[in-house]
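Everything below concerns the one structure shown next.
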2 protein chains.
Amino acid sequence: MATDLEPRRFMTKVARMYYTHGIRQIEIAATLGISQARVSRLLQAAEQAKIVRTIVVIPEGLHAEVEEDLQKRYGLSQVHIVEALDPNDEAGINRDLGEAAALILSAMQLSGKTIGFTSWSRSLRSLVAALEPSKKKKSGATRIVEMLGDVGPPQLQHDSTRSTQRFADLIGGTPLFIRAPGVLSSAEVREAMISYDAHTREAIAALDELDVALVGIGTCNIDAPLEPGGNFFTVEQFAMAQSLGAVGQINLRFIDADGIPLESELDSLVIGVTLAQLPAKGGRFAVAGGRSKYEAVRAALRGHWIDTLITDMETAERLLQE
Amino acid sequence: MATDLEPRRFMTKVARMYYTHGIRQIEIAATLGISQARVSRLLQAAEQAKIVRTIVVIPEGLHAEVEEDLQKRYGLSQVHIVEALDPNDEAGINRDLGEAAALILSAMQLSGKTIGFTSWSRSLRSLVAALEPSKKKKSGATRIVEMLGDVGPPQLQHDSTRSTQRFADLIGGTPLFIRAPGVLSSAEVREAMISYDAHTREAIAALDELDVALVGIGTCNIDAPLEPGGNFFTVEQFAMAQSLGAVGQINLRFIDADGIPLESELDSLVIGVTLAQLPAKGGRFAVAGGRSKYEAVRAALRGHWIDTLITDMETAERLLQE
DNA sequence: TACGCAATTGTATCAAGATTCGTCAGTTGC
DNA sequence: GCAACTGACGAATCTTGATACAATTGCGTA
């Protein structure tokens, strides 16, 4: 009888009985005339189908003190701190930061804005993975612009493109892709690449009109999934940047320990946002944490290249020391 | 050290480990050096403290067909249907409807609006009970206006006032109370009561500027927590309304089976919103269901006094028959 | 029609999590 | 200063929920 309800309906019914009304599985089974095992499985399915969502809200002001200190110290508009489970597990930290960032972002008013996105950043891809679909009205005026061309191996490029697409879908905007390598072998090739593709030109033009930028902060090393050369900097180029004093980079624009941009011929090889193009105060987001990125994050803060930071507790505390 | 911050922090940490990372309670206990029992208790506490929220999303379009049919049939802008566990349990239905309505309402843009609220309605009080605090910026311009004076015993009046207050808090607006009985013994007393209190006058004035109204739909009987007489209609008055053809009432304004307002001297005894004051199309909300209210809901729909309905499946299907 | 394969469901069992109960530390009151 | 009280905690225990496995159903194919 009740069994001939459509599966989704049935799942919802059971889920509501279990979670909303707090009825035990056996009782649900009894009233519906099915076995307890089935109830258990239906609940699993409901969770799988995202009918049931269990979220852990990080209470506002949990880390209020540290957050405020950081805000004052570096003149930031917003700071969010996530407690890391294991300070050594950078992948885990990135996931956690991404989730937190997703919550923060979904609470923001983004429609109509032009949003720069760095799809190769792991933490930002985590963000997208954690974003929940919201039924906000789609606004065609909202644009999601990639802020850097492709970097790394083809697999990563796929992931990146999918992230941008999904991000745009979830936020209800139009994605603008940069379908060109992020790093090229010479300034001439770079020019050629830009003139080559209309979509890319459109995206690059949009970089001048960013309202919000989700930037990636990186070290001066080549991280795991990236490969030197090809469409990325070579080991030598990184070494050269370091010899100029670079301690980190923001979307592949190198900065020194004080956040001063280090201009070099490397800049002319990159297809992507420049530091000067970053939006005005209030729209410069970074999601970055973990020990390896500490120097880079500090430099970015010192240079005021970001004003909204989502990071882990350990990094936050180190940023406050000295 | 920090007063009650430490436990919350701990709860959050454990909750994140358990729910977000899916670690078993024993393992959490092991890594944190506490017992499994404590982990279990912390998780309960976290749920209690609303740090962990488990919500059952009613998938969009689950009842699409019935909802659309209802929309067309009665010219409604929105219909939401909730599956009732037990069609006989009116209290349960009200809770369910309230929860659903809370979800819908929280997805709406309400800031800056003037919102009429009927605090004695059980389903609307359920709505408030189910509303989650949202960290939307408080807008002083948002006003929550009571649409009816006090009815029923003192306890109910307390609950009503608290509901209105809480609703205003959660939505981020200012509450405007009507601190006067909802039903008076004569038109003269009514006038006197209105002129008596400045707050009440202010609230009543706001009723002319409603953007959204959350109305209560009622039968022509005296429901459990209400008492005849005093600040409510007497049995005789209800009987009189029925003899005029009333099958229900919207905030104590009687209507017949076709939704035609039944004007009588009873109207001059009520301190509250009039049907003419209801906002324009799109802002007339009703949360009502259960067998007893069917006639009244149908009448309200026929008269186009509401255009957004949240009801239960059984009522919805009955509304589509005949 | 019979057979085989896969998907679905229930039974029995096992693991995970909730709860009971006794202990202990910190408070209150006399 | 010493009961009596209160609340937090962990070990043991009991309950609840997940799962392995078997039975059953449904369906396409020979």
Side-chain angles (χ1 to χ4, degrees), chain A residues 1-59 61-63 83 85-86 89 92 95-96 99, chain B residues 1-59 61-63 83 85-86 89 92 95-96 99:
Chain A
M1 35 170 70
T3 326
D4 57 80
L5 287 165
E6 257 139 285
R8 284 176 71 84
R9 234 196 220 192
F10 201 43
M11 287 194 292
T12 312
K13 183 162 191 171
V14 171
R16 283 175 50 80
M17 290 173 92
Y18 186 76
Y19 289 106
T20 314
H21 293 263
I23 308 175
R24 307 236 173 278
Q25 292 192 355
I26 306 183
E27 295 177 58
I28 299 175
T31 42
L32 298 180
I34 56 177
S35 71
Q36 176 266 320
R38 195 140 119 79
V39 174
S40 173
R41 284 191 274 253
L42 280 166
L43 288 172
Q44 282 182 315
E47 204 144 331
Q48 182 67 23
K50 295 291 184 75
I51 288 173
V52 175
R53 286 182 205 170
T54 307
I55 56 166
V56 180
V57 182
I58 298 145
L62 240 195
H63 307 108
E83 205 98 19
L85 285 189
D86 174 2
D89 172 16
R95 260 210 324 281
D96 285 357
E99 273 160 28
Chain B
M1 33 167 66
T3 49
D4 64 335
L5 223 79
E6 208 45 54
R8 288 174 65 88
R9 202 153 147 182
F10 202 40
M11 287 194 292
T12 312
K13 183 161 192 173
V14 172
R16 283 177 51 80
M17 291 173 91
Y18 187 76
Y19 289 105
T20 314
H21 294 262
I23 308 174
R24 308 233 175 281
Q25 293 192 354
I26 306 183
E27 294 177 59
I28 299 175
T31 42
L32 296 181
I34 56 178
S35 70
Q36 176 265 322
R38 193 138 123 77
V39 174
S40 174
R41 282 190 274 251
L42 282 166
L43 287 172
Q44 281 182 316
E47 203 143 333
Q48 182 67 24
K50 297 292 183 75
I51 290 172
V52 174
R53 290 181 203 172
T54 308
I55 56 167
V56 179
V57 182
I58 299 147
L62 237 197
H63 307 108
E83 205 100 18
L85 285 188
D86 174 2
D89 173 16
R95 262 209 324 281
D96 285 357
E99 273 159 29

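Since the structure is predicted, the reported quantities are computational estimates derived from the model, not experimental observations. Within every chain, numbering begins at 1; the chains are lettered A, B, ... in the order of the sequence lines, protein sequences first and strands thereafter. Note: hydrogens, waters and symmetry copies are ignored here, and every other heavy atom, side chains too, is used.
- Applying the side-chain hydrogen bond (donor to acceptor under 3.5 Å, both in side chains) test to pairs two or more places apart or on separate chains, those with a residue in residues 22-34 of chain A are A:Gln25-A:Gln36.
- We find the CZ-CG distance between B:Arg16 and A:Asp96 to be 4.0 Å, quoted to the nearest 0.5 Å.
- Residues meeting the side chain to side chain donor-acceptor pair (under 3.5 Å) test with A:Glu83, sequence neighbours left out: A:His63.
- For DNA chain D, the contact window with chain B, defined by any atom under 4.0 Å from a protein heavy atom, covers D:dC9 to D:dA11 in 5' to 3' order.
- Put simply, OG on B:Ser35 and CD1 on B:Ile28 are 12.0 Å apart, with the number rounded to the nearest 0.5 Å.
- The line from CZ of B:Arg38 to CZ of B:Phe10 is 5.0 Å long, rounded to the nearest 0.5 Å.
- Rounded to an integer number of Å, the gap from CZ of A:Phe10 to C1' of C:dT8 is 13 Å.
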Show me, pair by pair, the donor-acceptor contacts under 3.5 angstrom made by side chains of residues 41-59 of chain B, not counting sequence neighbours?
unit_1: B:Glu47; atom_1: OE1; unit_2: B:Tyr19; atom_2: OH; d: 3.4
unit_1: B:Arg53; atom_1: NE; unit_2: B:Lys50; atom_2: O; d: 3.4

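- Shown for residues 32-46 of chain B: residues whose heavy atoms fall under 4.0 angstrom of DNA chain D, namely B:Ile34, B:Ser35, B:Ala37, B:Arg38, B:Arg41.
- Between the NZ atom in B:Lys13 and the CG atom in B:Leu32 there is a gap of 6.5 Å [rounded to 0.5 Å].
- Residues meeting the side chain to side chain donor-acceptor pair (under 3.5 Å) test with A:Arg95, sequence neighbours left out: none.
- Taking atom CD of residue A:Gln25 and atom P of nucleotide C:dT13, one finds them 19 Å apart after rounding to whole Å.
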